[in-house]
Amino acid sequence: MRTLACFVLVALAGCSLADPELFRRLADGGETPDTGGVDAGMDAVVEEDSGTTQPAVDRCGTDDVFVITDTMENIAIDTTAFVNDVGSLTGCGNLSTPGPEGFFAVDVTEGEEWHFHLRVDEANDPDPTSRNPTLYVFNASCSSTMCADDLLANFCDAQQDEHFAFTFETSGRFFIGIDDTNRGGGAYLLDAIRPNCGNGVPEHGEACEGQAGCSSDCRWMVTEDSREEQGFNFNFKEANRIVLPVATNELEVIADIGGFEGCGYPDVFAVDIPDGGRLEVEQRDGSGSPCSGVGSPDLTLTLRNANNDNRGGDVVSGCPVIDETFATGGLFFVVVEDERPDISRALNYRLNFRVTP
């Protein structure tokens, strides 16, 4: 099963993820902003709006790390002079990361939401076709166990962008690691976005804001009158919000997954469950017919709570299902992951949501 960035992991574009064409360009490498260049072999640098530079660090946990405190875009990173200290991520299925890594820090308070977007700096990288960037978060002790919470972006193949978005559950200092699943250092560009839902302006890291069909928490709503999945809902923050009809508490959602060469982003749907409520989710095919259960499932369904704890998901008679009852309700997330060998072709599917109060 492919790892989900929260919300990680969170799905996806240079500006607004509501624009599919923007994502298609970024998934193919996108247009690289002009940062003025980074000299190969120098320390990684942050180019601030003031024009000054600050060195990144080669190791997690050092006191002289540059701290990102608010939105910064086009942070230039060059790891060609760095060494490989983090060769694998034990909390992420022992993901191999033989490339040298660089680190920045972010000081946060509980409840802050951030979106990180990493891409190859093709204008300055000595061998951009060999770069396969990976982005992850360590806590103050530099423990890779945070990957168990899907604070990792490793959705795409070589030379493509990586994203994740998540809400920090505790206050403190966290370290942002820029790494590579291929050997050799490279040049990258990082955007660290702190979106502000409620300011009336759609920002990178928000699915929407202020438009018709957008919820008060900046998620596209899927309703009885508009049943189609919207945007790139690959993380908790940008999950499509399921609004069930009051009369039936049941809704069939029309969606698709895959279709991006070399990228395995999931779909994520948010649904409110009352105290004592039961949630049932069933996969149907693109025409609405029930899952046949023939062969291996094309999709997996996983239910997670707001803390990213796994709360359910199973395969019954060859079909992925969720059937859970909760003493304490709240907002829960259904994560859909594509398990087909070839994810470059889009797969049309439907999910039937039913909540019994």
Residue pairs passing the disulfide bond (SG atoms under 2.5 Å apart) test where at least one lies in residues 318-357, sequence neighbours excluded:
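Residue pairs with at least one partner in residues 318-357: C291-C319.
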Per the disulfide bond (SG atoms under 2.5 Å apart) rule, what does the pair list look like for residues 163-203, sequence neighbours excluded?
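Output for this query lists C197-C218.
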With the side chain counted from C-beta on, respond yes when [X] and [Y] share a heavy-atom pair under 4.5 Å apart, and no when they do not.
{"X": "S226", "Y": "W220", "value": "no"}
{"X": "F138", "Y": "F103", "value": "yes"}
{"X": "T170", "Y": "F168", "value": "no"}
{"X": "V137", "Y": "I176", "value": "yes"}
{"X": "I242", "Y": "L251", "value": "yes"}

Please, which pairs that meet salt bridge (Lys or Arg N to Asp or Glu O under 4.0 Å) have at least one residue in [range], sequence neighbours excluded?
{"range": "residues 287-298", "value": "none"}
{"range": "residues 242-251", "value": "E250-R354"}
{"range": "residues 86-110", "value": "D107-R173"}

Distance, nearest 0.5 Å, that separates [atom1] of [X] from [atom2] of [Y]:
{"X": "D267", "Y": "L301", "atom1": "CG", "atom2": "CG", "value": "10.5 Å"}
{"X": "H163", "Y": "R119", "atom1": "NE2", "atom2": "CZ", "value": "8.5 Å"}
{"X": "T134", "Y": "L89", "atom1": "OG1", "atom2": "CG", "value": "7.5 Å"}

Residues in ring-ring contact (aromatic ring centres under 6.0 Å, His included) contact with F333, at least two apart in sequence or another chain:
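In terms of ring-ring contact (aromatic ring centres under 6.0 Å, His included), with neighbours along the sequence ignored, F333 is linked to F236.
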Results of ring-ring contact (aromatic ring centres under 6.0 Å, His included) for F116 - residues two or more places apart only
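In terms of ring-ring contact (aromatic ring centres under 6.0 Å, His included), with neighbours along the sequence ignored, F116 is linked to W114, F164.
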Could you walk me through whether R219 and D217 satisfy the salt bridge (Lys or Arg N to Asp or Glu O under 4.0 Å) test, starting with their C-alpha distance in whole Å, then the side-chain angles of each, then the deciding distance to 0.1 Å, before giving a yes or no?
CA-CA 6 Å; R219 295 184 172 98; D217 57 357; 2.5 Å; yes
We want to know whether D127 and T129 form a side-chain donor-acceptor pair, criterion being a heavy-atom distance below 3.5 angstrom.
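There is such a pair (donor and acceptor under 3.5 Å, judged by atom type) between the side chains of D127 and T129.
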Verify whether one side chain among T223 and D225 offers a donor that lies under 3.5 Å from an acceptor in the other.
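There is no such pair (donor and acceptor under 3.5 Å, judged by atom type) between the side chains of T223 and D225.
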Give the minimum heavy-atom separation between [X] and [Y], together with the two atoms involved.
{"X": "P274", "Y": "P357", "answer": "CG-CA, 4.1 Å"}
{"X": "L351", "Y": "Q283", "answer": "CD2-CA, 3.9 Å"}
{"X": "Q160", "Y": "C263", "answer": "OE1-SG, 3.2 Å"}

In terms of the angle between their ring planes, are H204 and H117 parallel, tilted or perpendicular, with boundaries placed at 30° and 60°?
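If you compare the ring of H204 with that of H117, the planes turn out perpendicular.
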Step by step, would you call V86 with Y136 a side chain to side chain contact (heavy atoms under 4.5 Å, CB included)?
CA-CA 11 Å; V86 182; Y136 47 78; 3.7 Å; yes
Suppose we screen for side-chain hydrogen bond (donor to acceptor under 3.5 Å, both in side chains). Which residues come up paired with [X], at least two apart in sequence or across chains?
{"X": "E252", "value": "R227, R284, R350"}
{"X": "S296", "value": "none"}
{"X": "D70", "value": "none"}

Are F332 and F269 connected, step by step, through hydrophobic side chains (Ile, Leu, Val, Met, Phe, Trp, Tyr) whose heavy atoms are closer than 4.5 Å?
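Same cluster: F332 reaches F269 through Ile, Leu, Val, Met, Phe, Trp or Tyr contacts under 4.5 Å.
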Do M72 and L135 share a hydrophobic cluster (ILVMFWY, side-chain heavy atoms under 4.5 Å, transitive)?
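Yes.
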Pair D64-T62, side chain to side chain donor-acceptor pair (under 3.5 Å): steps then yes or no:
CA-CA 6 Å; D64 59 345; T62 60; 3.0 Å; yes
Taking atom CD of E112 as the centre, report whether more than 12 heavy atoms of other residues, nucleotides or ligands fall under 6.0 Å from it.
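Yes, the 6.0 Å shell around CD holds more than 12 heavy atoms from other groups.
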Validation: residues 320-331 side-chain donor-acceptor distances under 3.5 Å, sequence neighbours left out:
unit_1: D323; atom_1: OD1; unit_2: R278; atom_2: NE; d: 2.9
unit_1: D323; atom_1: OD1; unit_2: R278; atom_2: NH2; d: 3.4
unit_1: D323; atom_1: OD2; unit_2: R278; atom_2: NH2; d: 2.8

Under the side-chain contact (heavy atoms from CB on, under 4.5 Å) rule, collect the residues that match up with S289, sequence neighbours excluded.
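Expected list: D285, S287.
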Out of I254, L299, D338, which residue meets the side-chain contact (heavy atoms from CB on, under 4.5 Å) rule with Y349?
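The passing option is L299.
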